[in-house]
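Data first, discussion second: the structure below is written as structure tokens.
Both counts, for ligands and for their atoms, begin at 1 and track the order of listing. If you read the sequence from its start, that first residue is 1, and numbering goes on from there.
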Amino acid sequence: MTKLLTGKEPAQAIKDEVAERITALGKRVGLATVLVGDDPASEVYVRMKHKAAAKVGMYTYDHKLPADTPQEEVEDLVRSLNADPSVDGILVQLPLPDGLNPDTVIDCIDPGKDADGLHPHSLGLVVLERTGGAIPATPQGIMKMLNFYEVETEGKVAVVIGRSRLVGRPMGLLLNHKSGANSTVIFAHSRTRDLPSITAMADILIVAAGRPGLVEAEGVKPGAVVIDVGINRVDDKLVGDVDFDSISEVASAITPVPGGVGPMTIASLLLNTVALAEARAEAG
Ligand code: GUN
């Protein structure tokens, strides 16, 4: 029987910790979000982040800009949030509308307020396996989930499908860390040949490609742990990137979509934000 790795319990444990740390800090903790355009999925995600932040006692600041906002104006908003003492964490929801360059917008975020861990400085610390920066929320949440469910990672083969800034690239690095997961990591992607033969090597398979049905049971090693990061709308239903029903027969454990990785991403965002607030308070 495959085990269902739901995000609800581990996410709640993180949120409880965040609430305690906010109380212990004894000051307001503020999270600002920037949403450009009217992508319905992004609107839902940002709303969920605000709701979760408010529940743990954070103050939230909701900035919405029209899709045709010039690059300079988005960057000016980020710089004003950098300068605002009531803001501890800044999140720019991705993707940005066509025509806007996400790199230069994210480069504008003060690394000390980078709640999503997407600034080159934060990602550089992940590359170097150094502490002190925010870790990207989704891969961090997945690591915490593996830990919560006591999934052994040391010496295991981990295959990551996808190499995005948000998930795949930092995910592989975290799994590779010597002081952490210590897995043997393979990055698979859209140019990978014979994907099923690569994924079939995985003890831990992380799928973050944004393509429903990309992985089927024949590409999964019996007993593997499968983490599905995809959220795709198909026939008005939310589905992941893997064929859940067939893989459930083969895998030892699998995340549901929705209700798997999603809650862990939000909880990790809140954890990053309170850690940044603590660091700012300590620095005075
Ligand atoms: N778009 C989809 N997921 C995320 C996320 O975790 N952070 C940001 N900033 N944008 C996203």
Q: Considering only NZ, NE, NH1 and NH2 on the basic side and carboxylate oxygens on the acidic side, decide whether Asp110 and Arg280 come within less than 4.0 Å.
A: no
Q: Among Asp107, Leu125, Asp114, find the residue that satisfies the side chain to side chain contact (heavy atoms under 4.5 Å, CB included) test when tested with Pro120.
A: Asp107
**Q.** Shortest reach to atom 10 (N) of ligand 1 by a heavy atom, considering only Leu35, Leu91, Leu94
**A.** Leu94
Q. Would Glu278 and Arg21 pass as an ion pair if we require N to O under 4.0 Å?
A. yes
Q: Enumerate the atoms of ligand 1 whose separation from the nearest heavy atom of Val92 is less than 4.0 angstrom.
A: 8 (C), 9 (N)
Q: Just jot down the ligand 1 atoms closer than 4.0 angstrom to any heavy atom of Asp116, in number order.
A: 5 (C), 7 (N), 8 (C), 9 (N)
Q | Partner of Thr33 by side-chain hydrogen bond (donor to acceptor under 3.5 Å, both in side chains), out of His63, Arg47, Lys49, His50 | A | His50
Q: Report, in ascending order of atom number, the atoms of ligand 1 lying under 4.0 Å from any heavy atom of Thr265.
A: 6 (O)
Q | Point-to-point distance, once rounded to the nearest 0.5 Å, from CE of Met145 to CD1 of Ile14 | A | 9.5 Å
**Q.** Closest approach of any protein heavy atom to atom 5 (C) of ligand 1, naming residue and atom
**A.** Leu166 CD2, 3.5 Å
Q. What closest approach, in Å, do Ile266 and Ala52 show between heavy atoms, and which atom pair accounts for it?
A. CG2-CB, 3.4 Å
**Q.** Proximity of Arg165 to ligand 1 by residue part, where a heavy atom lies under 4.0 Å
**A.** neither
**Q.** Protein contact to atom 11 (C) of ligand 1 [nearest heavy atom, distance to 0.1 Å]
**A.** Gln93 NE2, 3.3 Å
